[in-house]
Amino acid sequence: MATTTDLGKPVGVTLDRYITLAQDAFTIATGELSQLLRDIGLAAKILNREITRSGLLDLEGAFGAQNVQGEAQQKLDVVANIRFKRALTNGGQVCALISEEEQEVITINPDANYLVAMDPLDGSSNIDVNVSIGTIFSIYRRKSEKGSQVTEEDVLQPGRDQVAAGYVLYGSSTMLVYTTGRGVNGFTYGPTIGEFFLSHHNIKCTPDGKIYSINDGYWNEMSEELRAFIQKCREDGCTARYIGSLVADVHRNLLKGGIYIYPPLPKYPDGKLRLMYEANALAMIVEQTGGKASDGRQRILDIPVRDFHQRTPLFIGSANLVDECLQMIS
Ligand code: AHM
Ligand code: MG
């Protein structure tokens, strides 16, 4: 029987097939996590349809409300949240959902084993201008007994306890990239067929990248040490690339080699990005490919979680570049 390691030829293996093959590698697997991954894949397809039609359906622009971070919600942010909530509810494998768009933890099915933390649609400033945006998700196994109320211990798990994580990039093509802790694989969506196909098998991030990604507009507010690192990148012949959509910036650097930085700033002393549904998932993915992710002081995946909406600075990407940056700023 075929296994995931036999998948030398990338074209032709659908996401569903791959998930099934990966599950077969575990004799004790119950299929619940596999089903949850399929549910996320399904929601991603539905959201992809909404995104590609958004200009025609009056789905662009502001919704007129603010999310829990006090940021203006875009209509597509709201649509994405609804689509994922619905798919996870119908799938039945999730006991609780943490979402960037929801103030509180959403209880879904107390009889389920998994919690999901997600940013249903990241890169809000790029929605209206046809630039890449993404979905980010983290999956945790609950610590408490099935059937009981979800506890604080279930909800505030550190990133290293993720059992799976991934993202969907709605770019020039739509891709779903995920890991269950055994390498990272990318699946490209074939819109005419309506399936994700394995296109990037066992992604590895080169240790020495040549791209740095940081919002240069914050130059005057950055620490001197960080400015010195950026200056060094320039002198070393690195190129600057910054889309302003975390998924797209990290994905590019994962494939090409580079570092993405969102530092602490006077207006965001703890960084802007959210630990539980932005940084942790990408940190797990990047580490699985051989890269590194830090908040400037410690590994992202080891940061204790006090609040599921907490923010963190983020230094993520090619291992040697991240190390060099951390050395210079510490
Ligand atoms: P969002 O969750 O409101 O979309 O904000 C997160 C986004 C990231 O995708 C991106 O990397 C970052 O904010 C860009 O911020 P800035 O415009 O400050 O550079
Ligand atoms: Mg976001």
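Just so it is clear, the structure is predicted and the values come from calculations on it, not from any experiment. Numbers here simply count residues along the sequence, with the first being 1. We count ligands from 1, going down the list as the structure has it; atoms in each ligand are counted the same way.
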Novice: So if you build clusters from Ile, Leu, Val, Met, Phe, Trp, Tyr with side-chain heavy-atom gaps below 4.5 Å, do Leu42 and Ile82 land together?
Specialist: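 No.
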Novice: So Tyr178 and Phe187, would you call those rings parallel, tilted or perpendicular, with 30° and 60° as cut-offs?
Specialist: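 Taking Phe187 first and then Tyr178, their aromatic rings lie parallel (interplane angle under 30°).
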Novice: Quick one: does Asp249 get within less than 4.0 Å of ligand 1, heavy atoms only?
Specialist: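 Flag not set, Asp249 not near ligand 1.
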Novice: I want to know if ligand 1 touches Tyr268 in the polar sense, i.e. an N/O pair below 3.5 angstrom.
Specialist: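 By distance alone, the answer is no.
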Novice: So, Glu32 versus Thr30: side-chain donor-acceptor pair below 3.5 Å or not?
Specialist: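 Yes.
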Novice: What N/O/S atom of Asp122 gets nearest to the Mg ion (ligand 2)?
Specialist: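 For Asp122, the N, O or S atom at the smallest distance from the Mg ion (ligand 2) is OD1.
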Novice: For Lys45, is there an ion pair with Glu195 - N to carboxylate O distance below 4.0 angstrom?
Specialist: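 Result for this pair is yes, salt bridge flagged.
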Novice: Going by the salt bridge (Lys or Arg N to Asp or Glu O under 4.0 Å) test, name the single residue among Lys204, Arg299, Arg160, Lys292 that passes it with Glu287.
Specialist: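 Looking at Lys204, Arg299, Arg160, Lys292, the match for Glu287 under the salt bridge (Lys or Arg N to Asp or Glu O under 4.0 Å) is Arg299.
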Novice: Where is the tightest heavy-atom contact between Phe308 and Tyr277, given as atom of each residue plus distance?
Specialist: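 Between these two residues, the closest heavy atoms are O-CE2, 3.4 Å.
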Novice: Out of the N/O/S atoms in Asp119, what is the name of the one closest to the Mg ion (ligand 2)?
Specialist: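 The atom in question is OD2.
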Novice: May I ask you to list the atoms of ligand 1 that are less than 4.0 angstrom from any heavy atom of Glu100?
Specialist: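 Near Glu100, meaning under 4.0 Å from one of its heavy atoms, ligand 1 has 2 (O).
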Novice: Does Arg141 pair with Asp154 as a salt bridge, N-O distance under 4.0 Å?
Specialist: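 Between Asp154 and Arg141 there is no salt bridge, as every charged N stays at least 4.0 Å from the carboxylate O atoms.
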Novice: Without swapping roles, check the side chain of Ser223 against the backbone of Leu226 for a donor-acceptor pair under 3.5 Å.
Specialist: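 Checking the backbone N and O of Leu226 against the side chain of Ser223, a donor-acceptor pair under 3.5 Å is found.
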Novice: With heavy atoms of Asp119 as the reference, note each atom of ligand 1 found under 4.0 Å away.
Specialist: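 Those qualifying, in numeric order: 2 (O).
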Novice: Heavy atoms only, cut-off 4.0 Å: how does Ser124 contact ligand 1, side chain, backbone, both, or neither?
Specialist: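 The answer is both, backbone and side chain.
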Novice: Check all N, O or S atoms of Glu100 and name the one closest to the Mg ion (ligand 2).
Specialist: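 Glu100's closest N, O or S atom to the Mg ion (ligand 2) is named OE1.
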Novice: Suppose I only count heavy atoms of Tyr262 and a 4.0 Å limit; which atoms of ligand 1 are within that range?
Specialist: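 Result: 15 (O), 16 (P), 18 (O), 19 (O).
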Novice: Is any NZ, NE, NH1 or NH2 atom of the basic residue among Glu221 and Lys267 found under 4.0 Å from an Asp or Glu carboxylate oxygen of the other?
Specialist: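 No, no charged N to carboxylate O under 4.0 Å.
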Novice: So which bit of Tyr260 gets within less than 4.0 Å of ligand 1, heavy atoms only: side chain, backbone, both or neither?
Specialist: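 Side chain only.
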Novice: Show me which atoms of ligand 1 lie under 4.0 Å from any heavy atom of Leu246.
Specialist: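 Going through ligand 1 atom by atom, the ones under 4.0 Å from Leu246 are 8 (C), 9 (O), 10 (C), 11 (O).
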Novice: Between Arg241 and Asp216 (salt bridge meaning N to carboxylate O under 4.0 Å), is one present in this structure?
Specialist: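 Looking at Arg241 and Asp216, the cut-off is not met.
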Novice: To which of Asp77, Asn215, Asp122 does the heavy atom nearest atom 2 (O) of ligand 1 belong?
Specialist: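 The nearest heavy atom belongs to Asp122.
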Novice: For the Mg ion (ligand 2), what is the closest N, O or S atom on Glu278?
Specialist: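 For Glu278, the N, O or S atom at the smallest distance from the Mg ion (ligand 2) is OE2.
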Novice: Applying a strict 4.0 Å limit to heavy atoms, is Gly123 in contact with ligand 1?
Specialist: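 A heavy atom of Gly123 does come that close to ligand 1.
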Novice: Taking heavy atoms and a distance under 4.0 Å, where does Val247 meet ligand 1: side chain, backbone, both or neither?
Specialist: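 No part of Val247 is near ligand 1 at this cut-off.
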Novice: Within less than 4.0 angstrom of ligand 1, does Tyr218 place any heavy atom?
Specialist: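 The answer is yes: ligand 1 sits under 4.0 Å from a heavy atom of Tyr218.
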